[in-house]
Amino acid sequence: MIPEKLMEVLKHDGVVAIATLGQDGPHMVNTWNSYIRITDDERILIPVGYMHRTEANIAFNNQVLITLGSSKVAGNMGPGTGFLIKGAACIESSGADFDIIKSKFAWARAVMAVTANSIEQTL
């Protein structure tokens with residue numbers, strides 16, 4: 001389900017936007033393409049440093065929207081491509097997923113594990 005072009009995007013610098021919805025309304029945070037890891041079962045792992053409001057929102061409503069892209073990867077209409085990922089997220093502070101992230105990012109206090117429901121190339 002994870003498109004090869006998305007895997008290529010993750011090899012390049014770029015900003016990732018993560019949108020959640022909580023009791024106080026929508027909220028967005030950013031991270032970097034290079035921080036994302038994909039598991040063998042195609043879950044998306046994102047290190048969590050602060051993201052306290054994001055964590056509270058996921059506890060309230062686990063649905064997330066994630067956008068990411070790179071100007072370095074050819075898209076459908078020329079240079080640059082982007083993706084919209086819709087999925088369900090959870091925040092984990094222990095276990096195998098956390099260990100993967102903590103070994104790469106010592107500053108991570110948790111991991112956001114996302115199971116994608118859909119991945120759409122937008123550019």
List the atom of [X], the atom of [Y], and the distance in Å for their closest heavy-atom pair.
X     : Y      : result
Met77 : Leu123 : CE-CA, 4.1 Å
Arg53 : Gly25  : NH2-O, 4.2 Å
Leu21 : Pro26  : CD1-N, 3.5 Å
Pro3  : Met1   : CD-O, 3.0 Å
Ala89 : Val64  : CB-CG1, 3.7 Å
Pro47 : Phe105 : CG-CD1, 3.8 Å

Practice task
Show your reasoning for whether side-chain contact (heavy atoms from CB on, under 4.5 Å) applies to Leu6 and Leu68.
Solution key: CA-CA 9 Å; Leu6 174 57; Leu68 57 93; 3.2 Å; yes
Does atom [atom1] of [X] have more than 12 heavy-atom neighbours, drawn from other residues, nucleotides or ligands, at distances under 6.0 Å?
X     : atom1 : answer
Asp41 : CG    : yes
Lys5  : NZ    : yes
Asp13 : CG    : no

Are [X] and [Y] side-chain neighbours, meaning at least one heavy-atom pair lies under 4.5 Å?
X      : Y      : result
Thr54  : Met112 : yes
Arg37  : Val111 : no
Ile119 : Ile2   : yes
Ile18  : Val16  : yes
Ile38  : Leu10  : yes
Asn57  : Asn61  : no

Practice task
Report the residue from Ile101, Ile44, Leu45 that forms a side-chain contact (heavy atoms from CB on, under 4.5 Å) with Ile36.
Solution key: Ile44
Taking the side chain from [X] and the backbone from [Y], do they hold a donor-acceptor pair closer than 3.5 Å?
X      : Y     : answer
Glu55  : Ile91 : no
Arg43  : Asp40 : no
Ser70  : Val9  : no
Asn33  : Gly69 : yes
Arg109 : Val48 : no

Got a second to check how far [X]'s [atom1] is from [Y]'s [atom2], nearest 0.5 Å?
X      : Y      : atom1 : atom2 : result
Ile85  : Thr67  : CD1   : OG1   : 8.5 Å
Lys72  : Thr81  : NZ    : OG1   : 14.5 Å
Ile66  : Lys86  : CD1   : NZ    : 12.5 Å
Lys102 : Ser94  : NZ    : OG    : 12.5 Å
Met51  : Ile46  : CE    : CD1   : 6.5 Å
Asp99  : Lys104 : CG    : NZ    : 12.5 Å

Practice task
Under the side-chain contact (heavy atoms from CB on, under 4.5 Å) rule, what do Val15 and Trp32 come out as? Steps first, then yes or no, please.
Solution key: CA-CA 5 Å; Val15 175; Trp32 302 106; 3.5 Å; yes
